[in-house]
Amino acid sequence: MIRKHGQPIDSLEVWERLAGPKSPIQWQDDRSAKECARAWLGDTGDPEIPEEIRAVLERHPEFSEIGEWEAEPECLVTFDRFGGPANIDVMATMKDQRGRFVLAVEAKADESFGPLLGRALAAALERKLASPTSKGIARIEELVPAILAPARGRVPKAHQVRYQLLTAVAAALSKAHAIQASRAVVFIHEFRTARTDERHLARNRQDLERFLVRLGCTHPQDVFDGHLVGPFSVPGGERFPDPADLYLGKAVRRIGERSDPS
């Protein structure tokens, strides 16, 4: 079941009305917002877990066949005391033989994972200079050590990590804590279309690989080969006491030319 504001979503029209992007220009064929909706609604408008996502999840030994599930698109998840929630493209709670788990989906055509953390911190500093009450720096200071352990060896530095990947993890962990789930999955659902740019896809691949290595993944290539990676244990700290086990996955949906776009 897919719901928004308590209302079921069973068509593209309802999805756009209840959970569409702020700008109509973002609701287009071959771009992530609309293709994500199509993927979850299925060919008949009967909501379903996209097969490529289900396959990756159920292939991992710590997951099994998914039974009950529900999802909310454009889900706003508050993950700290500073406000400004993370906007997750699809936030789902699912149940398999081990119990409930959280799935936070970031849908991408070739859009980036947001600014690098170094740039996000610099922007927060500028806001602090303009307004001493700004909490952007404090948010980053609290968020980063809750998810990233200190760098050891030749791993990417914190400033090289994309900020959106950090907030997606924070949202997944917060949701898992709220429903007392022991597993939290962040999933990248990539849509390759006639309009995606190979250079941007390569950038996203590099950014995801960099993030995985920083989390402690020794074989980041696995995620690009259709395998869920993890579990990872994040520091948690005061922000995420007793955090859920973290997993990351990625799947690609290839979309050909449409003779009759709709």
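Side-chain atoms are counted along with the backbone in the values below, which use heavy atoms only and exclude waters and symmetry mates.
- Remark: Arg119 CZ is loosely packed, at most 12 non-hydrogen atoms of other residues, nucleotides or ligands lying under 6.0 Å away.
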Practice item. Kindly indicate, with the supporting measurements, whether the criterion side chain to side chain donor-acceptor pair (under 3.5 Å) is fulfilled by Arg100 and Gln180. Key: CA-CA 8 Å; Arg100 289 193 298 175; Gln180 298 182 319; 5.8 Å; no

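- With sequence neighbours left out, His177 forms a ring pair (Phe, Tyr, Trp, His ring centres under 6.0 Å) with no residue at all.
- Under the salt bridge (charged side-chain N to carboxylate O under 4.0 Å, His left out) criterion, the residue pairs touching residues 2-11 are Lys4-Glu72, with sequence neighbours excluded.
- Separation of atoms CG (Leu201) and CD (Gln206) is listed at 13.0 Å; rounding is to 0.5 Å.
- Ile188 has its side chain within reach of Leu165: a pair of non-hydrogen atoms, C-beta onward, lies under 4.5 Å apart.
- The environment of Glu70 atom CD is sparse: at most 12 non-hydrogen atoms of other residues, nucleotides or ligands sit within 6.0 angstrom.
- Linking ILVMFWY side-chain heavy atoms closer than 4.5 Å, directly or via other members, places Leu125 and Ile140 in a single hydrophobic cluster.
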Review point. Going through the checks in order, is the side chain to side chain contact (heavy atoms under 4.5 Å, CB included) test met by Arg17 and Gln7?
Key: CA-CA 11 Å; Arg17 175 168 56 84; Gln7 300 182 53; 4.2 Å; yes

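- With sequence neighbours excluded, the residues satisfying side chain to side chain donor-acceptor pair (under 3.5 Å) with Asn87 are Glu74.
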Check your understanding: Passes side chain to side chain contact (heavy atoms under 4.5 Å, CB included), Arg205 versus Phe224? Steps please.
Key -> CA-CA 8 Å; Arg205 180 188 176 100; Phe224 304 107; 3.5 Å; yes

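- Between the OG atom in Ser182 and the CD atom in Glu62 there is a gap of 9.0 Å [rounded to 0.5 Å].
- Annotation: the span from Glu35 atom CD to Gln28 atom CD amounts to 10.5 Å, rounded to 0.5 Å.
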Sequence neighbours left out, cut at 3.5 Å: what donor-acceptor pairs do the side chains of residues 226-243 make with other protein atoms?
residue : atom : partner : partner atom : Å
Arg239  : NE   : Glu142  : OE2          : 3.2
Arg239  : NH1  : Phe79   : O            : 2.3

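- In this structure, Met1 and Pro8 have side chains that are in contact, with non-hydrogen atoms separated by less than 4.5 Å.
- Counting only residues at least two apart or in different chains, salt bridge (charged side-chain N to carboxylate O under 4.0 Å, His left out) contacts with residues 161-173 comprise Arg162-Asp207.
- For the atom pair Glu52 CD and Leu57 CG, the distance stands at 11.0 Å (nearest 0.5 Å).
- Listed by chain and residue number, nothing satisfies the side chain to side chain donor-acceptor pair (under 3.5 Å) test with Gln26 (two or more places apart in sequence, or in another chain).
- Other residues, nucleotides and ligands contribute over 12 non-hydrogen atoms within 6.0 Å of the NE2 atom of His159.
- Contact check for Leu208 versus Leu212: side-chain heavy atoms found under the 4.5 Å cut-off.
- How far CG of Asp222 is from SG of Cys217: 6.5 Å, rounded to the nearest 0.5 Å.
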**Study point:** Verdict with supporting geometry, Phe63 and Tyr247, ring pair (Phe, Tyr, Trp, His ring centres under 6.0 Å)
**Key:** CA-CA 11 Å; Phe63 293 77; Tyr247 303 79; 4.9 Å; yes

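- Using a 4.5 Å cut-off on side-chain heavy atoms (C-beta onward), Phe187 and Val90 make no contact.
- Checked against side chain to side chain contact (heavy atoms under 4.5 Å, CB included), Gln160 has the following partners two or more places apart in sequence or in another chain: Pro156, Lys157, Arg210.
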Using residues 108-117 as the side-chain source, report each donor-acceptor pair under 3.5 Å to any protein atom, sequence neighbours left out, with the distance given to one decimal.
residue : atom : partner : partner atom : Å
Lys108  : NZ   : Ser112  : O            : 2.8
Lys108  : NZ   : Gln164  : OE1          : 2.7
Asp110  : OD1  : Arg31   : NH2          : 2.7
Asp110  : OD2  : Asp197  : N            : 2.7
Glu111  : OE1  : Ala109  : N            : 2.6
Glu111  : OE2  : Ser32   : OG           : 2.9
Ser112  : OG   : Gly114  : N            : 3.1

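- A salt bridge (charged side-chain N to carboxylate O under 4.0 Å, His left out) check over residues 169-185, counting only residues at least two apart or in different chains, returns the pairs Asp96-Arg183.
- Put simply, the side chain of Ile49 does not reach to within 4.5 Å of the side chain of Leu103, judged on heavy atoms.
- The side chain to side chain donor-acceptor pair (under 3.5 Å) test applied to Ser23 returns no partner, not counting sequence neighbours.
- Counting only residues at least two apart or in different chains, salt bridge (charged side-chain N to carboxylate O under 4.0 Å, His left out) contacts with residues 128-141 comprise Asp80-Arg139.
- Looking at Trp40 and Pro73, their side chains never come closer than 4.5 Å, going by heavy atoms from C-beta outward.
- Below 30°, between 30° and 60°, or above 60°: for Phe191 and His189 the angle between ring planes is between 30° and 60°, a tilted geometry.
- Under the 4.5 Å side-chain criterion, counting only non-hydrogen atoms from C-beta, Phe101 is not in contact with Thr93.
- Val223 and Val213 are members of different hydrophobic clusters when ILVMFWY side chains are connected at heavy-atom separations under 4.5 Å.
- Through direct or relayed side-chain contacts under 4.5 Å between Ile, Leu, Val, Met, Phe, Trp and Tyr, Ile179 connects to Val77, Ile88, Met91, Val102.
- Here the CG atom belonging to Leu129 is positioned 5.5 Å from the CD atom belonging to Glu126, to the nearest 0.5 angstrom.
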Exercise for review: Under the side chain to side chain contact (heavy atoms under 4.5 Å, CB included) rule, what do Leu215 and Leu246 come out as? Steps first, then yes or no, please.
Suggested key: CA-CA 10 Å; Leu215 283 176; Leu246 176 67; 4.2 Å; yes

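- Between Glu190 and Arg253, none of the side-chain N atoms (NZ, or NE/NH1/NH2) sits under 4.0 Å from a carboxylate O, so this pair counts as no salt bridge.
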**Study point:** Derivation of the side chain to side chain contact (heavy atoms under 4.5 Å, CB included) call for Leu148 and Leu166
**Key:** CA-CA 9 Å; Leu148 300 181; Leu166 287 168; 4.0 Å; yes

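- Within the 4.5 Å cutoff, side-chain heavy atoms of Ile147 are placed close to those of Leu143.
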